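Structure below; questions to follow.
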Amino acid sequence: MAKTKTHADALTAREVDYSAWYNELVEVAALAEHSAVRGCMVIRPYGYAIWENIQRALDERIKATGHSNAYFPLFIPKSFLQKEANHVDGFAMECAVVTHSRLKKAPDGTLVPDPDSALAEELIVRPTSETIIGESFARWVKSYRDLPLLINQWANVVRWEMRTRLFLRTMEFLWQEGHTVHADYEDAERETRQMLEVYRELAEEVLAIPVIVGKKTEREKFAGAMHTYCIEAMMQDRKALQAGTSHNLGQNFARGFGITYQSKDQVETLAWTTSWGVSTRLIGGVIMTHSDDQGLVLPPAIAPVHVVVIPIRCAKPEERAAVEAYLAPLLEKLKARAFAGRAIAVQVDWSDARPGAKHFEWEKRGVPVRVEVGPRDMEQGKLVYALRTGGEKTTTTRDAFADEVLDVLARVQRGLLERARAFRDEHTRDLDDRAAFDAFFTPKNPEKPELHGGFVRGGWCGDAGCEAAVKEALKVTIRCIPLDAPAFAGACVACGQPSAAGLPRVVWAKSY
RNA sequence: CGGGCGGUGGCGCAGUGGUAGCGCACGCGGUUUGGGACCGUGAGGUCGCGGGUUCGAAUCCCGCUCGCCCGACCA
């Protein structure tokens, strides 16, 4: 069969149409699909398995830092949202509102909300849970002895988005939201920063996504927060993706919900709260960080299948039996070994497709290691393996493979992070003058502007108006103020005024 | 939510007024099998939904819906 043959499931190349590539990849890798409800997605088993692996890695870390999981209601009384003025302003425009409790048949036979069942107080489908959790926390916290209160919940939330994309922005998405209460600012701040570090570690070590750790500007921070930290990643189209956020909520929600405690010296004291979250958006981030024109590429730490075994001949019962017997000891050994805290997951592809077809199938799904076992290998006690990330096929013995594969997976995991970091650095510039800044962000080919630009580290005067003007002109925003960068003594790259005192170069980019 | 484009079998598409077809995928039989096999034979579609025009609508008109792209908004 000629290799030039065009298959219906061949992906549009990233260079040709980046968003078409993304959409097709999500489909052919069987990660998710659109549902009958606008803007909502069905996460398919393979995509959900990835989410479960992310969940497991993060949940471990959340518990290791002393938090407990709990669950709060999907519905929030409308009045709760109003208790924090900035918060309600931030979310009012994208809330699903429940107004009735039952349906009835209209004269024409269609179902309509029963007017008699109108709710006395309308319920909001949670866009986030600060308020409903705050109401509980106010009752849970009595004394300084109850602090810190460290809670997390895994949940779905709904934000009525106008423009959606699978995983990156859907009306309903899955996430975890941590909510904590502290005795003072310092402890809340310590918590906020600690969880930010947990997110950095998750992103880099588990997802192999290099991130910039930083603080949001006033304009970009969470509605209701005192300040917001974030991790920002660069996708292959060089746009920024906010991959996680951690908020020091100050006393804003404590005030709104009466979260107070009696201090050691018996003074009724207003508490401090935090919240932090990452979502199924991370899956979009993984896709856009690592995958190529052949399909999905998964970091081994979250791959539902680490190793796929492709028997070269297995159609006849006696052939299959021979391969099964040959593989049995190998599968046993692999099962007993773990990578990133999870047993090596192996799948043998017994389907009667031809080997080449199987290769393409598993390539699309991003399985890190592909093993081939044919008659020649079996005679010699060997097998052949190849990596999704490329390189030559390797021949090794069946008995050595189980040990080798751990190193191979670790190498792949590390290699993905390094490759992504190199890509990001290659598309990051320190710029000091506006002309260069404009040139960097102005598409050379307006027909496909998505493959231009990247990150600019540039000075900022600190003025929100300046930030807004840049966004207006170039659709570029300040993604974050990096935390571990030295103060910058130069000028604002946008307006030429002196950079704000103590501020480092900030990260400017187009974003998702 | 505004502007543009689109929705025909699982996927990709053809079909401009006469009752629906192609490629891939799928079922069965056989020959095959180290990077997308071939032959034979089958199955599968209320043409997004609802109304209208017409003797007759996938096709023309209206409304709605969903998707994609561009804006505004956002994890």
Side-chain angles (χ1 to χ4, degrees), chain A residues 1-12 17-20 22-24 27-28 30 33-41 90-95 110 127-128 157-177 199 216 220 222-223 228 230-233 240-247 275-285 294 310-316 319 351-364 370-378 382-386 393 395 446-450 471-472 475 477 511-512:
Chain A
M1 173 50 61
K3 287 178 188 174
T4 51
K5 177 168 179 178
T6 305
H7 280 73
D9 53 3
L11 294 177
T12 300
D17 187 337
Y18 192 80
S19 60
Y22 178 86
N23 292 333
E24 291 166 15
E27 189 198 322
V28 303
E33 62 188 24
H34 291 282
S35 73
V37 182
R38 183 186 78 80
C40 293
M41 67 177 161
F91 284 106
M93 294 302 289
E94 49 185 20
C95 284
T110 59
T128 178
V157 288
V158 168
R159 298 178 186 177
W160 209 267
E161 299 290 349
M162 291 302 132
R163 199 170 165 185
T164 60
R165 294 192 75 187
L166 294 175
F167 291 116
L168 296 173
R169 175 166 293 101
T170 47
M171 296 220 307
E172 180 192 23
F173 57 92
L174 306 184
W175 75 347
Q176 60 65 222
E177 44 180 327
Y199 289 160
K216 286 294 188 191
E220 298 280 332
F222 175 72
T228 291
C230 62
I231 53 174
E232 294 281 333
L241 182 78
Q242 178 175 309
T245 52
S246 183
H247 317 291
S275 68
W276 27 275
V278 300
S279 72
T280 37
R281 168 179 260 200
L282 288 175
I283 296 174
Q294 275 61 57
I310 300 187
I312 301 304
R313 287 171 185 252
C314 62
K316 295 177 183 157
E319 287 170 348
S351 69
D352 58 5
R354 292 163 71 91
K358 296 181 186 182
H359 297 165
F360 282 100
E361 174 63 23
W362 293 102
E363 192 166 67
K364 280 185 296 191
R370 183 186 82 231
V371 168
E372 296 168 28
V373 174
R376 293 204 299 271
D377 305 304
M378 294 198 285
K382 292 189 170 171
L383 56 75
V384 173
Y385 67 89
K393 287 187 187 181
T395 301
E447 297 305 311
K448 50 172 189 175
E450 64 274 22
K471 181 175 183 181
E472 174 71 24
K475 294 172 214 151
T477 51
S511 71
Y512 277 95

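Here is how names work: the chains are called A, B, and so on, in the same order as the sequence lines, proteins then strands, and each is numbered from 1. This one's a predicted model, so the numbers in the text were calculated from it and none came from an experiment.
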Between CE of A:Met171 and C1' of B:C1 the distance, given in whole Å, is 13 Å
Write down the partner of B:A37 under the Watson-Crick or G-U wobble criteria, each distance required to be under 3.5 Å. B:U31
Between CE of A:Met93 and P of B:A75 the distance, given in whole Å, is 14 Å
Separation of A:Gln242 atom CD from B:C73 atom P, in whole Å? 16 Å
Could you tell me whether the side chain of A:Asn23 has a donor or acceptor atom within less than 3.5 Å of a complementary atom in the base of B:G67? no
B:U32 versus B:G44 - spacing of their C1' atoms, nearest Å: 27 Å
For A:Phe222, answer base if it contacts any base atom (sugar-phosphate contacts may also be present), sugar-phosphate if it contacts only those atoms, and nothing otherwise; contact means non-hydrogen atoms under 4.0 Å. nothing
Would you measure the distance from the P atom in B:G27 across to the matching atom in B:G6 and give it in whole Å? 35 Å
Side chain of A:Thr170 only, please: which of B:C11, B:A75, B:G67 is the nearest? B:A75
For atom CH2 of A:Trp160, is the number of surrounding heavy atoms from other residues, nucleotides or ligands below 6.0 Å larger than 12? no
Is A:Ser19 near enough to B:C68 that one of its side-chain N or O atoms lies under 4.0 angstrom from OP1 or OP2? no
Taking the side chain as every heavy atom from C-beta outward, state whether A:Lys358 and A:Ser351 have any atom pair closer than 4.5 Å. yes
Listed partners of A:Tyr22 passing side-chain hydrogen bond (donor to acceptor under 3.5 Å, both in side chains), at least two apart: none
Looking at A:Lys471, I'd like to know whether one of its side-chain N or O atoms comes within less than 4.0 Å of OP1 or OP2 on B:A72. no
Using a strict cut-off of less than 4.0 Å between a Lys/Arg side-chain nitrogen and an Asp/Glu carboxylate oxygen, indicate whether A:Glu232 and A:Lys216 qualify as a salt bridge. yes
Using a 3.5 Å distance criterion without hydrogens, assess whether the side chain of A:Arg281 forms a donor-acceptor pair with backbone atoms of A:Leu168. yes
Determine yes or no for a side-chain-to-main-chain donor-acceptor pair under 3.5 angstrom, with A:Asp377 supplying the side chain and A:Gly374 the backbone. yes
In Watson-Crick or G-U wobble terms, both distances under 3.5 Å, what is the partner of B:G44? none
Ignoring hydrogens and angles, does a donor from either the side chain of A:Glu361 or the base of B:G36 sit under 3.5 Å from an acceptor on the other? no
Which whole-number value in Å describes the distance from A:Met41 CE to B:C66 P? 17 Å
Proximity to the side chain of A:Arg38 - top-ranked nucleotide from B:C66, B:A75, B:G35: B:C66
Grab the NZ-P distance between A:Lys364 and B:C11 for me, whole Å please. 14 Å
Expressed in whole Å, how much space separates the P atoms belonging to B:C47 and B:U8? 12 Å
Looking at every strand, decide which applies to A:Glu363 at a 4.0 Å heavy-atom threshold: base, sugar-phosphate, or nothing. base
Identified pairing partner of B:C24, criterion: Watson-Crick or G-U wobble below 3.5 Å: B:G10
Watson-Crick or G-U wobble mate for B:G63, both contacts under 3.5 Å: B:C49
Taking any heavy-atom pair under 4.0 Å as a contact, classify A:Lys216: base, sugar-phosphate, or nothing. nothing
Under 4.0 Å between a side-chain N/O of A:His359 and OP1 or OP2 of B:G34, yes or no? no
note: A:Lys316, atom NZ; B:G30, atom P; distance rounded to Å ~ 12 Å
Could you let me know what B:G18 is paired to, Watson-Crick or G-U wobble, both distances under 3.5 Å, or none if it's on its own? B:C55
Which nucleotide sits closest to the side chain of A:Ala315: B:G34, B:U32, B:C11? B:U32
Using the side chain to side chain contact (heavy atoms under 4.5 Å, CB included) definition, which of the options A:Cys230, A:Ser279, A:Ser275 pairs with A:Thr245? A:Cys230
Please state whether the base of B:G34 and the side chain of A:Arg313 form at least one donor-acceptor pair under 3.5 Å? no
Partner nucleotide of B:G71 by Watson-Crick or wobble geometry (both distances under 3.5 Å): B:C1
Of the listed B:U32, B:G34, B:G36, the closest approach to the A:Asp377 side chain comes from B:G34
What nucleotide, of B:G67, B:A75, B:G36, holds the atom closest to the side chain of A:Ser279? B:A75
B:C26 and B:G10, which share atom name C1', separated by this distance in whole Å: 8 Å
For A:Val157, answer base if it contacts any base atom (sugar-phosphate contacts may also be present), sugar-phosphate if it contacts only those atoms, and nothing otherwise; contact means non-hydrogen atoms under 4.0 Å. nothing
Counting side-chain heavy atoms from C-beta on, which of B:U33, B:G34, B:A72 comes nearest to A:Pro375? B:G34
From NZ of A:Lys358 over to C1' of B:G34, roughly how many Å is that when rounded to an integer? 12 Å
Nearest listed nucleotide, side chain of A:Arg163, among B:U33, B:C70, B:C69: B:C70
Please check if the side chain of A:Thr228 supplies one atom and the backbone of A:Phe222 the other of a donor-acceptor pair under 3.5 Å. yes
Work out how far the P atom of B:G12 is from that of B:A25, and round it to whole angstrom. 15 Å
Once you round it to whole Å, what is the distance between C1' of B:G30 and CZ of A:Arg354? 14 Å
